[in-house]
Amino acid sequence: MSRRTKRLSWALWALCSLAAGAALADRLLGEPRSRSLFLPGKTSDGHYQIELECEACHKSEFSSAEDLQAACVECHGPELAEAKDSHPTSKFTDPRNAERVAILDGRYCVTCHAEHRPERTGSMGLSLPVDYCYHCHEDVGTERASHAGLPFDGCASAGCHNFHDNRALYEDYLLQHGTQPRLLGQPTVGSFANAHGEAAGGSLALDEAGNEAARAEGDAAPTREGARALELADADAVDPSGRHAEAWSESAHARAGINCSGCHTAPGGGFQREVSVDLCGSCHQGETNGWLAGRHGMRVKVGLGPMRVADARLPMTEAAQGRELACSSCHGDHGTELEQAGLEACESCHADLHTRSYRSSQHFSLLLAERSGEGAPGTGVSCATCHLPAYTDESGRRSRAHNQNDNLRPVEKMIRTVCQDCHGLAFSIDALADPELVRSNFKGSPNKHVPSIDFARRRAE
Amino acid sequence: MNGPSCKRIEASSGVQRKLRVTVLTVTAALASSALGCAQKEGGITPQQMTDALHAVMESDRTVYTKNVVNRLQNKENVIKASEHWEDDKALPLPAQMFRMGAEMVATKNAGFTYSLLSKWPINKQNKANTELETKGLDFVADAKNTGKHFYGEEKLGDKSYFTAVYADTAVVEACITCHNGHKDSPRRDFQLGDVMGGVVIRVPL
């Protein structure tokens with residue numbers, strides 16, 4: 001090869017390398033969807049929605065382990081604190097556990113929840129063999145006769161223990177509630193109406209800054225503080241006689257004194273058609289924060305735009321494939337119908353067996369009875385009853401959790417937040433441990449039995 | 001008494017510099033009588049630091065045990081103390097109060113860690129885990145060492161630590177009734193004044 005040819009070859013190689021580099025850089029720095037090329041492996045179910053926003057977890061190009069951990073805590077820290085995390089990081093930073101940490105480094109979430117490793121990632125995003133408890137609790141069989149010979153791969157998968165959340169599983173709680181019957185007397189749950197203060201005549205009060213203030217049960221009518229309830233004639237919409245205005249006039253917003261312009265005024269003045277999640281959040285802050293933390297809103301939170309139903313990994317209805325998620329996806333855009341949001345809205349997208357079995361469940365029968373007036377308020381059980389449970393915050397305000405994943409995985413998290421409103425502890429533990437029963441939406445009795453209450457009782461005796 | 005005498009902390013790294021600031025702040029707030037060794041120019045020893053820290057810990061722990069838990073639960077019957085204090089709407093047990101503080105300090109990179117361990121722990125995770133902890137708990141539990149503390153150095157992982165162990169004694173009735181009556185307690189004959197365990201404080205060297 002002549003010298004000239006060699007030079008040309010080198011020049012061509014350099015040119016191609018530059019072009020390839022530029023193309024890769026363009027994809028990396030360009031639209032999020034173009035970054036998929038750089039994903040090192042299939043992302044877990046919990047994170048795949050935001051996998052193209054690399055910075056959500058990798059805060060900088062060369063993130064340290066601590067940076068990555070900080071990103072985990074930023075999103076998951078509050079729920080771990082709420083769960084009274086049984087294994088906080090501080091248990092592992094103590095130097096006396098250095099030998100254990102060398103084997104299982106519990107200082108970092110990714111030790112157990114490695115991302116982009118589909119070949120070894122299982123339920124709950126766990127990327128370790130499920131017998132990991134052995135490393136620190138290998139002598140439990142000698143300490144407790146009931147545990148002698150039990151396999152370590154069953155500690156956290158058999159319904160007895162959970163690495164993080166044992167609020168309903170600790171021994172004294174089992175003893176205290178283990179004798180409860182399958183169905184508690186006069187079971188009631190936080191209904192839509194109760195949760196939003198309407199059945200009780202509560203009010204949706206907003207303070208001067210427009211923030212939702214304490215909603216005291218017993219108020220005569222739901223009104224915005226300092227404002228009267230509005231009617232159709234009050235609508236300040238472009239077309240006040242249209243169907244949207246009519247729907248609005250019967251909504252909680254009208255009763256709270258929120259006129260059309262309250263949501264449809266653009267930042268610089270004038271009309272805006274679209275209402276952003278941020279705008280909803282300016283009044284419904286808690287609900288919006290919850291929604292942004294869950295699977296429905298996590299893409300919006302990191303700036304990737306709304307979740308598309310077509311991108312879901314769970315079975316979804318054919319009709320919903322073209323939809324994108326926003327507050328109005330469940331609540332409607334003007335009627336803000338709460339009952340619909342807790343059942344029909346869910347069914348319009350979700351097509352898994354659990355959802356499709358709901359209408360033949362006892363829970364649905366109870367809901368029908370409540371809706372028809374035959375059942376007492378709070379006796380019906382909808383999707384939202386269990387997956388968006390009602391709660392009372394520190395200010396006494398009743399609301400609904402809007403992060404539907406918060407009490408969903410592991411399922412034992414539902415025991416205290418939901419199941420035990422109506423059911424005894426033993427039945428709840430067994431029912432949730434039976435995946436077939438869960439799939440059939442609790443038709444029949446559990447075919448699984450978790451022996452934890454038996455163990456606790458025997459030891460107490 | 002075991003281990004080294006007064007070993008001076010050299011401010012040779014950022015962590016140690018931070019440590020010295022922490023130490024000086026703590027010691028400035030404490031009576032000099034709490035210090036076990038003479039202060040050297042430019043810094044204090046790990047032993048001085050752990051002795052000072054323990055003086056604070058032991059005082060706070062005794063105040064909570066006597067003036068809060070024992071008074072409200074055993075003398076005035078106002079409120080119970082419970083292991084499951086949130087669920088039971090009760091006071092945290094003194095040992096839990098101590099551990100909660102230790103866990104919070106652990107999140108602050110404060111230049112030291114501490115824990116409450118025992119030869120007879122209710123939670124088996126709180127038994128001695130290192131050779132020095134075993135020696136230290138044996139030392140402070142031995143009647144002939146009453147009033148003495150245990151000091152030593154140990155290497156854990158790739159770091160060396162100055163480790164001090166201080167006796168933790170039953171100061172009120174509530175301590176012994178709980179430990180003697182708990183189903184997980186491996187010893188049920190504690191009496192007032194008995195050493196029930198030890199406070200272990202570590203300072204990285």
Side-chain angles (χ1 to χ4, degrees), chain A residues 66 69-70 73 77 80-107 133 135-147 166-177 415-416 420 425 455-461, chain B residues 82-88 90 92 96 99-117 121-134 136-137 153-163 165 182-186 198-205:
Chain A
E66 280 70 26
Q69 177 65 15
V73 173
L80 285 170
E82 180 71 22
K84 318 292 177 203
D85 188 5
S86 304
H87 290 88
T89 308
S90 54
K91 279 203 191 304
F92 299 92
T93 52
D94 192 328
R96 68 190 300 267
N97 290 322
E99 276 188 20
R100 290 169 169 175
V101 167
I103 299 168
L104 189 74
D105 194 347
R107 295 172 302 172
C133 305
H135 299 299
C136 295
H137 301 280
E138 71 277 12
D139 54 356
V140 70
T142 56
E143 283 173 19
R144 300 203 173 191
S146 57
H147 288 56
N166 289 284
R167 283 174 292 177
L169 303 175
Y170 70 81
E171 191 175 18
D172 286 344
Y173 191 80
L174 299 178
L175 287 171
Q176 196 174 348
H177 300 275
I415 293 173
R416 287 187 67 165
Q420 280 195 284
L425 179 63
F455 286 177
R457 277 202 198 123
R458 281 204 289 272
R459 215 165 78 85
E461 288 163 1
Chain B
S82 165
E83 186 177 348
H84 312 294
W85 50 277
E86 281 185 291
D87 279 347
D88 296 344
Q96 288 176 306
R99 289 184 206 292
M100 285 191 279
E103 293 206 356
M104 191 173 282
V105 166
T107 65
K108 294 179 176 176
N109 197 21
F112 70 99
T113 57
Y114 65 103
S115 47
L116 182 60
L117 308 180
I122 287 177
N123 181 344
K124 302 302 177 287
Q125 294 295 317
N126 298 319
K127 65 184 178 188
N129 206 21
T130 72
E131 197 180 330
L132 207 67
E133 285 177 352
T134 304
L137 290 178
E153 284 187 21
E154 58 185 339
K155 188 163 187 182
L156 302 171
D158 57 355
K159 284 186 184 171
S160 294
Y161 295 88
F162 174 82
T163 301
V165 183
H182 199 287
K183 63 177 180 284
D184 288 330
S185 181
V199 173
V200 178
I201 307 176
R202 283 192 177 85
V203 179
L205 297 173

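Throughout, a chain's letter reflects where its sequence line sits, starting with A, and its residues are numbered from 1.
Under the side-chain hydrogen bond (donor to acceptor under 3.5 Å, both in side chains) criterion, A:E82 pairs with no residue, sequence neighbours left out.
For the set B:T113, B:V200, B:D158, the count of heavy-atom pairs under 4.5 angstrom toward chain A peaks at B:T113. Of the listed residues (B:M104, B:K159, B:K127), the one with the most heavy-atom contacts under 4.5 Å to chain A is B:K127. In terms of heavy-atom pairs under 4.5 Å with chain B, the best-connected choice from A:S90, A:P88, A:A98 is A:S90.
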*Apply salt bridge (Lys or Arg N to Asp or Glu O under 4.0 Å) to A:K84 and B:D87, showing your working.*
CA-CA 12 Å; A:K84 318 292 177 203; B:D87 279 347; over 6 Å; no

*After noting the C-alpha distance and the side-chain angles of A:R100 and B:N129, does the key distance pass the side-chain contact (heavy atoms from CB on, under 4.5 Å) rule?*
CA-CA 10 Å; A:R100 290 169 169 175; B:N129 206 21; 4.2 Å; yes

*side-chain hydrogen bond (donor to acceptor under 3.5 Å, both in side chains) between B:Q125 and A:H137: does it pass, once the steps are laid out?*
CA-CA 9 Å; B:Q125 294 295 317; A:H137 301 280; 3.2 Å; yes

*Chi angles and distances behind the side-chain contact (heavy atoms from CB on, under 4.5 Å) call for B:K183, A:E171*: CA-CA 12 Å; B:K183 63 177 180 284; A:E171 191 175 18; 3.6 Å; yes

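The line from CG of A:D139 to NZ of B:K124 is 9.5 Å long, rounded to the nearest 0.5 Å. Atom OG1 of residue B:T130 and atom CZ of residue A:R96 lie 7.0 Å apart, to the nearest 0.5 angstrom. Atom CG of B:D184 and atom CD of A:E143 lie 8.5 Å apart (nearest 0.5 Å). Taken to the nearest 0.5 Å, the CG atom of A:D94 stands 6.5 Å off from the CZ atom of B:R202. Rounded to the nearest 0.5 angstrom, A:Y170 OH and B:H84 NE2 are separated by 5.0 Å.
Summarising the local packing, CD of B:E131 is surrounded by 12 or fewer heavy atoms from other residues, nucleotides or ligands at distances under 6.0 Å.
Contacts of A:R416 with chain B are made by side-chain atoms alone, with heavy-atom separations under 4.5 Å and no backbone atom involved. Neither the backbone nor the side chain of B:T163 comes within contact range of chain A, judged by heavy atoms closer than 4.5 Å. With a 4.5 angstrom heavy-atom cutoff, B:E133 touches chain A only via side-chain atoms. Of the two parts of B:A128, only the backbone, made up of N, CA, C and O, holds a non-hydrogen atom closer than 4.5 Å to a non-hydrogen atom of chain A. Neither the backbone nor the side chain of B:L132 comes within contact range of chain A; no heavy atoms are under 4.5 Å apart.
A pairwise comparison of heavy atoms in B:L156 and A:P95 identifies CD1-O, 3.5 Å as the closest pair.
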